[in-house]
There are 2 protein chains.
Amino acid sequence: MELNKIYKGNSLTKLKSIADNSIDLIYMDPPFFTQRKHQLSSKNAKQKFEFSDVWENVEAYLAFIQRILIESKRVLKDTGSIFLHCDKTASHHLRLLLDQVFGVNNFRSEIIWFYKRWSNAKKGLLNAHQNIYFYSKSNNFKFNTIYQDYSLTTNIDQILQERTRQLNGKSTYKRDEKGQVVLGKEKKGVPLSDVWEIPYLNPKARERVGYPTQKPVLLLNQIIKIASDENDVVLDPFCGSGTTCVSAAFLKRAFIGIDISKDAVKLARKRLDKMVITQSDLLQKGKQFYLEKTPKELYILKSIGAFPVQRNSGIDGFLDHHFNGKPIPVKIQSKEETLENSIAKLEKASNNKGYELKIIIQTNSKENISLLELNPDVKVIKSMGLKIQEIKSVQKELIPK
Amino acid sequence: MELNKIYKGNSLTKLKSIADNSIDLIYMDPPFFTQRKHQLSSKNAKQKFEFSDVWENVEAYLAFIQRILIESKRVLKDTGSIFLHCDKTASHHLRLLLDQVFGVNNFRSEIIWFYKRWSNAKKGLLNAHQNIYFYSKSNNFKFNTIYQDYSLTTNIDQILQERTRQLNGKSTYKRDEKGQVVLGKEKKGVPLSDVWEIPYLNPKARERVGYPTQKPVLLLNQIIKIASDENDVVLDPFCGSGTTCVSAAFLKRAFIGIDISKDAVKLARKRLDKMVITQSDLLQKGKQFYLEKTPKELYILKSIGAFPVQRNSGIDGFLDHHFNGKPIPVKIQSKEETLENSIAKLEKASNNKGYELKIIIQTNSKENISLLELNPDVKVIKSMGLKIQEIKSVQKELIPK
DNA sequence: ACCGTCCCTGAATCATTGG
DNA sequence: TCCAATGATTCAGGGACGG
């Protein structure tokens with residue numbers, strides 16, 4: 001089967017045409033057994049998408065899913081994993097199937113995706129989570145740990161110290177002969193837990209394409225990051241509007257998408273086209289479409305009191321105070337760009353706009369632009385990260401061996 | 001059976017001696033099928049508590065629980081509910097039993113209790129939640145909605161305003177003849193959802209009594225509040241150290257506790273005499289209290305790839321890579337501080353720690369520290385915001401009028 | 001193959017110090 | 001005497017290791 005394609009057809013049939021041990025990661029988001037027909041319209045209301053989740057009984061539903069799972073296991077590589085997304089309606093039945101097909105020992109995690117939601121007047125608790133079951137094909141599964149910030153209550157300077165045991169077996173922080181604390185090895189933060197708070201797709205989100213039960217790309221990004229590497233193959237046998245494929249493409253994984261609805265496949269392909277074009281175009285447009293700025297860029301902008309600008313490849317933000325009555329555009333040098341390149345882009349985007357001061361944040365190279373070549377209204381500032389790098393390398397030379 | 005007592009004995013036998021339709025709420029926290037023996041010592045190490053959670057197979061475990069559930073249903077009033085606490089190990093099996101005994105239609109919620117806890121070197125996601133299944137005996141179940149604060153991002157003064165529809169059908173906020181907004185009826189907040197973040201009972205918490213698997217009273221409070229009223233009867237057939245009874249007593253509900261361990265019963269009785277409920281700082285003061293950094297400081301830290309440190313007046317963060325095998329502390333000059341002052345604080349906090357490189361981010365003054373006064377391992381970096389300010393003031397002089 | 005023991009872990013508390 | 005700052009403590013985990 002060809003990669004990076006979305007196929008229209010029955011999931012089971014299409015799965016059967018995939019070779020054994022060829023897939024690294026399967027994410028599936030099958031019907032939840034809601035016994036309802038789901039429909040939603042695209043934003044311009046031109047098109048209505050729908051799919052039916054009505055079954056004769058739960059056994060019929062489970063028999064269907066079971067066949068899908070058996071094929072899924074077959075196509076997975078030995079190091080592969082499957083993520084089955086569902087909700088409380090049938091989660092227990094589905095997990096029994098997973099236990100059966102993949103084995104109890106290959107259960108890895110129950111991931112809870114939760115979100116804050118607009119409330120209604122139902123008697124009872126507001127539903128605000130869905131379940132994702134993570135099973136691997138074997139013990140030898142692929143896993144990349146993601147690290148997160150320490151809790152606010154953690155004493156981080158303590159955590160960085162090495163510990164030892166006293167004679168009575170109690171643990172304390174180690175000190176050397178001089179009474180100095182002994183520092184431990186590098187820490188990366190706290191490993192990601194099985195409870196993920198990721199905002200539900202806001203009804204107004206640009207990402208929304210009008211497909212019912214659409215999942216946020218951020219959720220898929222996290223799954224794909226922890227369970228696969230670049231160039232691995234990701235499969236989604238119920239791909240709907242194609243979120244999994246978009247995420248896979250964005251993260252440089254190969255993908256196969258399958259859906260039975262002609263409209264869904266058409267939509268997913270369209271969504272992906274936008275994405276794929278952008279990939280060749282330095283991923284710029286894709287980033288803007290789905291992720292806007294990288295977190296780091298956002299942090300840089302925020303730290304200088306600038307607000308971000310989307311959809312402009314030459315300007316990343318504007319400072320929140322004017323200069324001589326004119327806005328001050330800011331551009332952050334991106335990974336792929338030379339400094340010169342960045343400056344040219346900023347100049348181009350500022351053409352005819354009358355800005356009196358423009359700022360470039362230099363981030364990832366030590367090339368120095370001669371001040372003479374620079375227009376006097378363009379200022380280059382080294383990012384603090386870059387400065388720290390420089391300090392580190394100079395410092396290293398000074399330290400006595 | 002007499003109320004407000006804790007009974008020693010087999011759960012099933014004791015349950016059988018309770019009258020039909022006499023209980024308002026059952027909470028149970030049976031063994032989780034961990035296939036392990038759980039043990040823990042009381043703080044003074046005088047007493048060791050333990051229970052075994054080892055079973056021949058899952059069927060034996062389920063048969064045991066099933067009998068308990070059948071009796072539980074019998075003793076519940078028609079308006080009553082049951083909360084079954086478990087974890088991922090057997091949650092799916094247990095929910096099938098609940099479906100069987102109480103009926104699929106009486107499933108109310110899957111409550112996710114999540115928390116932060118210490119981490120470990122596991123390959124995979126860190127477990128940070130447990131599951132509580134909420135079933136009622138009938139549709140006519142008792143339920144009290146708890147309202148919580150609006151999320152911080154909600155625009156509260158807008159929510160309080162009354163809305164109306166324009167001629168074109170669009171919704172807007174209403175205004176009276178004078179153009180003043182019209183305030184709507186009282187809002188109570190957001191109804192409680194099925195995902196609860198309640199701090200795990202910390203190893204050092206005073207509330208801890210040394211019984212393994214002890215649950216926080218705050219968790220039980222929430223359950224008892226939503227599913228019962230004052231003077232109702234709460235039953236816990238696996239009461240262990242008696243948390244449920246403490247919570248019930250505290251909330252003025254009657255209770256019956258049952259446990260098979262003599263030691264547990266003794267402990268629970270003692271605990272009831274002298275109730276200790278941890279006033280969790282984290283819950284009481286809220287996360288905001290611990291968040292000492294301003295958003296700008298956080299952005300600066302993130303933009304240089306540092307993780308924030310909350311509880312240390314001399315260090316704001318650590319870079320995420322070591323230098324010569326040692327962490328690099330970062331301090332951001334705060335508004336009220338002179339640069340000299342900041343440096344002194346950083347030096348003090350680093351005392352005896354053996355850091356080989358320390359970084360100060362200068363933010364809000366143009367004072368320059370003579371390099372001679374500075375220890376060679378302290379480096380001052382001007383923040384990008386400061387540099388932009390400097391550029392602006394120099395630029396202003398250069399601009400032709 | 002299975003067991004107990006040891007180690008590393010970090011969140012959130014208690015405990016002690018310092019002004 | 002009272003906070004505020006920070007040092008000390010310990011576990012419904014989980015891997016490695018040795019018998």
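These numbers come from the heavy atoms of this one structure, side chains and all, not from hydrogens, waters or symmetry mates.
Comparing D:dG14, D:dT10, D:dG13 against the side chain of B:K122 picks out D:dG14 as the nearest. Ranking D:dG13, C:dT9, C:dC14 by closeness to the A:R163 side chain, first place goes to C:dT9. Closest contact between the side chain of B:N312 and the listed nucleotides C:dA12, C:dT9, D:dT6 involves D:dT6. Of the candidate nucleotides C:dG10, C:dT13, D:dA5, D:dA5 has the atom nearest to the side chain of B:S313.
One can place CH2 of B:W118 at 17 Å from P of C:dC8, the figure rounded to the nearest angstrom. Atom pair A:N155:CG and C:dA12:C1' shows a separation of 8 Å (rounding to whole Å applied). C:dG10 atom P lies 16 Å from atom CG of B:N127, rounded to whole Å. One interatomic measurement links the two molecules: NZ of B:K204 to C1' of D:dT9, which rounds to 4 Å at whole-angstrom precision. The distance from atom CG of A:L160 to atom C1' of D:dG7 is 15 Å, rounded to the nearest whole Å. Taking atom OH of A:Y150 as the reference point, atom C1' of C:dT9 lies 9 Å away to the nearest angstrom. B:N202 has its CG atom 13 Å from the P atom of C:dA15, to the nearest Å. Between the CZ atom of B:R208 and the C1' atom of D:dC11 there is a distance of 6 Å, given to the nearest Å.
Comparing B:L126 and A:Q161 along DNA chain D, the residue whose closest nucleotide (by nearest heavy atom) sits nearer the 5' end is A:Q161. Both A:S151 and A:K185 lie close to DNA chain C; mapped to their nearest nucleotides by heavy-atom distance, the more 5′-ward contact belongs to A:K185. Taking for each of A:Q158 and B:D87 the nucleotide of DNA chain D with the nearest heavy atom, the 5'-most of the two is the partner of A:Q158.
Between the B:E356 side chain and the B:D377 main chain, no donor and acceptor come within less than 3.5 Å of each other.
Within 4.0 Å of A:G189, counting heavy atoms only, lie sugar-phosphate atoms of the nucleic acid but no base atom. Contacts of B:F32 with the nucleic acid, taken as non-hydrogen atoms under 4.0 Å apart, include base atoms. Using a 4.0 Å heavy-atom criterion, one finds that B:K215 contacts the bases of the nucleic acid, with or without backbone contacts as well. Within 4.0 Å (heavy atoms only), B:Q130 reaches no atom of the nucleic acid at all.
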Handout entry: side chain to side chain contact (heavy atoms under 4.5 Å, CB included) assessment of B:L219 paired with B:W196
Key = CA-CA 9 Å; B:L219 176 68; B:W196 299 355; 3.8 Å; yes
Practice task
Could you please spell out the steps behind the side-chain hydrogen bond (donor to acceptor under 3.5 Å, both in side chains) verdict for B:H129 and B:Y115?
Solution key: CA-CA 6 Å; B:H129 77 275; B:Y115 42 79; over 6 Å; no
Practice task
Show your working on side-chain hydrogen bond (donor to acceptor under 3.5 Å, both in side chains) between B:N127 and A:E110 and close with a plain yes or no.
Solution key: CA-CA 9 Å; B:N127 301 325; A:E110 177 185 54; over 6 Å; no
Handout entry: Worked check of side chain to side chain contact (heavy atoms under 4.5 Å, CB included) between A:L125 and B:R108
Key = CA-CA 8 Å; A:L125 300 165; B:R108 296 289 152 226; over 6 Å; no
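Distances shorter than 4.0 Å separate none of the side-chain N or O atoms of B:R117 from OP1 or OP2 on D:dG13.
Both cation-pi conditions hold for B:K123 and A:F141: the charged atom is under 6.0 angstrom from the six-membered ring centre and inside a 45 degree cone around its axis.
The partner of C:dT9 is absent, by the rule that a Watson-Crick or G-U pair needs both atom distances under 3.5 Å.
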